[in-house]
2 protein chains.
Amino acid sequence: MKKRGEIMQAEVLAILRRRGTPMSAYEVLGQLRDSHPQLAPPTIYRALAALTERGGVHRLESLNAFIACKSDSHKDASILSICDDCGEVEEFVSPDLLKALSSIAGQSGFAPTRHVIEVHGQCASCGSAQDQA
Amino acid sequence: MKKRGEIMQAEVLAILRRRGTPMSAYEVLGQLRDSHPQLAPPTIYRALAALTERGGVHRLESLNAFIACKSDSHKDASILSICDDCGEVEEFVSPDLLKALSSIAGQSGFAPTRHVIEVHGQCASCGSAQDQA
DNA sequence: CACGGGCTTGATATAACATAACAAACACAC
DNA sequence: GTGTGTTTGTTATGTTATATCAAGCCCGTG
């Protein structure tokens, strides 16, 4: 019974990609209920967990939401900038910063396994829009 | 009616400090119900929000939990290392890293207002404990 | 092929986290 | 002391997430 799960993941990913901005698990669920009226939360959460692990989806810890990974093919921890006005998210990768971070946390013998780096603020377009207001 | 709120905040902070490791809002609520049986969630969340803003408490976004700020007196964003085994949290401050981070996110005109930096892993004592296992 | 163990998925239920919205109390100006 | 704005308390509900068990599939064995 492997296929079903993979189909699920593909559908979830498609929905997230279509949206482009962060979606909660329940928003995804809502969309999917159009085609699969029976769907329950654990199914979605399992699909999202698998996708997150695979690197196809980012979980935004500070929003409890998910977003399709755009510049896919980096399974390293990303730096995510989140516009609090429009919801737009950008991904950045910086091995240097990650290294610096690991070394700071490692000062006392801590062994990092997962980095959460999220920056909230205002994206370029929302910032300039506000200037006029 | 200002005092009541401040007392609340002090009690919440005391509970968090006593514990030392992360607590969910509802754990705090449970503790407080010993002395204030009537207490409802919004009261706790308000106290936690005020404390977080003041810098007395950190919110751990990736755990939906809170912890008393130990090295208090830095209201800058902290780097938090979280041991997934024992729950121990350490705080670090690194203006350089913050600057680097802002500059990365700022590449496309993004204006950061709030940084979330959390590193999961294993603390020194849990790491060495595991070595023996 | 049947049947049985181990694993994946699905469904039900409920737990955990958080806030909206309104009511009551206070505090300060007049 | 009465009105107005603000803080706090309470009720209710909304949102996010997972435990648990049931059902289905895969595949190796007899």
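Quantities reported herein were computed from a predicted structural model and do not represent experimental measurements. Values below: every heavy atom of this structure, side chains too, minus hydrogens, waters and symmetry copies.
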Report the distance from atom NE2 of B:H36 to atom P of D:dT8, rounded to the nearest whole Å. 14 Å
So does B:S24 get a side-chain nitrogen or oxygen closer than 4.0 Å to the phosphate oxygens (OP1/OP2) of C:dA16? no
Within this structure, what is the CD-to-C1' distance between B:Q9 and D:dG9, rounded to whole angstrom? 15 Å
Give, for atom CG of B:L63 and atom NE2 of B:H120, the distance between the pair rounded to the nearest 0.5 Å. 5.0 Å
Which part of the nucleic acid, if any, lies within reach of B:T43 when heavy atoms closer than 4.0 Å are counted: base, sugar-phosphate only, or nothing? base
Rounded to the Å, how far apart are B:E53 CD and D:dT7 P? 12 Å
Any N or O donor-acceptor pair linking the side chain of B:Y26 to the base of C:dA18 at under 3.5 Å? yes
Side chains of A:H58 and A:T52: is there a donor and an acceptor less than 3.5 Å apart? no
For B:N64 and C:dA18, is the shortest distance between a side-chain N/O and OP1 or OP2 below 4.0 Å? yes
Measure the distance from CE on B:M8 to P on D:dG9 and round it to the nearest whole Å. 8 Å
A:L48 CG to D:dA17 P, in whole Å, measures 9 Å
Carefully, step by step, assess A:I67 and A:M23 under the rule side-chain contact (heavy atoms from CB on, under 4.5 Å). CA-CA 6 Å; A:I67 190 164; A:M23 291 178 84; over 6 Å; no
Check the distance between C:dG10's C1' and A:L39's CG and give it to me in whole angstrom. 9 Å
Let me see the working for B:E90 and A:Q107 under side-chain contact (heavy atoms from CB on, under 4.5 Å), right down to the final yes or no. CA-CA 10 Å; B:E90 279 195 278; A:Q107 277 167 22; over 6 Å; no
Measuring from the side chain of B:R46 (C-beta onward, heavy atoms only), which nucleotide among C:dT19, D:dT20, D:dG9 has the closest atom? D:dG9
B:E118 and B:S62 side chains, donor-acceptor separation under 3.5 Å: yes
Which whole-number value in Å describes the distance from A:L63 CG to C:dA18 P? 13 Å
Quick one: B:L29 CG to D:dT11 C1', roughly how many Å, whole number? 14 Å
Can you find a side chain N or O atom of A:Y45 that sits less than 4.0 Å from OP1 or OP2 on D:dA17? yes
